[in-house]
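Notes to accompany the following structure.
We name chains A, B, ... by the order of the sequence lines, and we start the count at 1 in each one. These numbers come from a predicted model, not from an experiment.
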Amino acid sequence: MHALTVNGVAIDDTFAEAFDMRATALVITAPSARWAMQAAVTMTGFATSVIGCGCEAGVDRVMSPRETPDGRPGVRVLTFAVSTSELQRQLQSRVGQCVLTSPGSACYAGLDTGEEKLKLGAAIRFFGDGWQIAKKLGSRRFWRVPVMDGEFVCESTAFMTKGAVGGGNLLIMGATPANTLAAAEAAVKAMHGVADAIMPFPGGIARSGSKIGSKYKSASASTNDAYCPTLKGAVDSALGPEIASVLEIVIDGLTSTAVADAMRAGLAAIVDLGPERGALRVGAGNYGGKLGRHHYHLKELLP
Amino acid sequence: MRPLTFTTRAAPTQRLDLSPLATQNLAGKTMAEIAGIELGTTRERVRAGDVFSIREGDFDSILFEGGSARFDRIGMGMTAGALHVEGEVGVQAGRAMSGGRLTIRGDAGPFAASGMKGGTLEIEGDAGERLGGPLSGETVGMSGGLVRVRGDAGPRAGDRLRRGAILIEGRAGAYAGSRMIAGTLAIAGEAGDLPGYLMDRGTILLGRGATLLSPTFGDCGEHDLVAARLLADYVAQASAKLARLFRRPLRRLAGDLAALGKGEILLPRP
């Protein structure tokens, strides 16, 4: 099972299996970096998994005023869904409920190109009750919706890419919960340095990895018992006696390269931290390679 | 490669229609064919070779050395490339252009940029009346592109403007932005009477106000508009002077309330 050991950390001879997704990027700005981040965090809340949330979303990066369309502090967020219609639905409801409502916010398309366009301001403008006005500048069209603190400016449409990938992952296994969390945190921090990729779970980390299916008819997924340390002696466990905690990092990227780069950065950080303070072993989740088109072999991503 | 150059031999004896000498009409023609193009507007026949000495060059970059108030419809229907005039021009410069860049180092007559859909028109001198406006029988004026006038503009600049931006760094005559459908009209100097007369939508910026503002605009107070930041960035490509005005706190007048009332006049804080 173990391919090799790097800096004392065992790396499984396995791969992460990921899927094609639809995705878009938005740039959210505000009068201050704090309020730009507040709007972004609110918009990307409850967006950990497409199964239960409709989409997966997260903050890609903080943008300086020089990088944003209106010269104010900004945050770039990425949103992923399994279909164009669902992505459109999620975009409309999340921007409408979380960005439009946030003090001083404005919202712009974050991709310059894409296979299709999604409605952004074009869907939200109706909140203006007829007082909304459009402004076309060059090839870009913006809606100005009057709100109680001034105007909500929102780009009319946003490009969507069909080349996005969701479900890249690392399973981080350690001797104690604290060490495992330290390794996962180090990995997430490194992954945040990779553009066009997000880790949608809380703080980038999931502790309740799932398997497909359940003994209960109503559930399509259930706990990944093979990786639950408290069931080591009761099930066909994937864990050795030295493992007491497992955490998972799921990665979605606008491109397959972004996912691979993020996994590579995360692996490097885990290996760099070493087994004394971090993880003893790193694995990845897959479905035998039959469901997802994208396979990321850990041994090919090692530093 | 040097531009295809038309050098004026003498002042024209009649108004000339220079629309055949736009970039898209000359591609593939020989120098003799170009010299034979009819430009006259009276019964007296005038060919390009009679008015200009023509020097071979890049067909996508045309230079007119010397201008005249009788050079009408220069750059009409341009779709791409560059056309540069070292001097003044007559009526309808850049009429119905949809792309490319037309530069006039002098004054332009009435109806410059009329029916323009895209591209850039730069007038280094003054512009005549109805800049970007529709001709008789047309319902819509300029519907895209960017116009910049370094000097002043005559009455009714931006009449029936539908889309695109008209930037005037000097003053404007009466009824600037009259009957505007949408789009952006920015005037750095003082405007004449009643700017935005019967405008439906769109934005008019008045750097130094107007000699008379219409009572049919409602004062909405002073604001720091995010949309003005976007406008400032867009305008900065052609006019740093006007971009600075968009970045000031702006008093917003909504109107014309005698028409649809979804337009605005923006007055920068002095």
Under 4.5 Å to a heavy atom of chain A? For Gln237(B) that would be neither

Relative to chain A, which segment of Arg252(B) carries a heavy atom at a distance below 4.5 Å: side chain, backbone, both, or neither?
-> side chain

Flag for Glu169(B)-Ser239(B): side-chain donor and acceptor within less than 3.5 Å | yes

Chain A contact via Leu225(B) - side chain, backbone, both or neither, heavy atoms under 4.5 Å = side chain

Distance-only donor-acceptor check, side chains Asn169(A) and Tyr296(A), under 3.5 Å = no

Chain B interface, residue from Pro69(A), Gly71(A), Pro31(A) that has the most non-hydrogen pairs under 4.5 Å = Pro69(A)

Regarding Ser19(B) and Arg73(B), is there a side-chain donor-to-acceptor distance under 3.5 Å anywhere?
-> no

Using a cut-off of under 4.5 Å for heavy-atom pairs, which of Ala106(A), Ala134(A), Gly130(A), Gly104(A) has the most such pairs with chain B?
-> Gly130(A)

Identify which part of Ile133(A) has an atom lying under 4.5 Å from any heavy atom of chain B, answering side chain, backbone, both or neither.
-> side chain

Check each atom of Ala227(B) against the heavy atoms of chain A and say whether the ones under 4.5 Å are side chain, backbone, both or neither.
-> both

Tell me yes or no: between the side chains of Gln24(B) and Thr79(B), is some donor less than 3.5 Å from an acceptor?
-> no

Within 45° of the six-membered ring axis of Phe159(A) and under 6.0 Å from that ring's centre, is NZ or CZ of Lys117(A) located there?
-> yes

So which part of Leu146(B) gets closer than 4.5 Å to some heavy atom of chain A, the side chain, the backbone, both or neither?
-> neither

Indicate yes or no: at least one non-hydrogen side-chain atom of Val59(A) is less than 4.5 angstrom from one of Arg76(A).
-> no

Engaged part of Arg163(B) at the chain A interface, taking heavy atoms whose separation is under 4.5 Å | side chain

Between the side chains of Gln38(A) and Thr42(A), does any donor sit under 3.5 Å from an acceptor?
-> yes

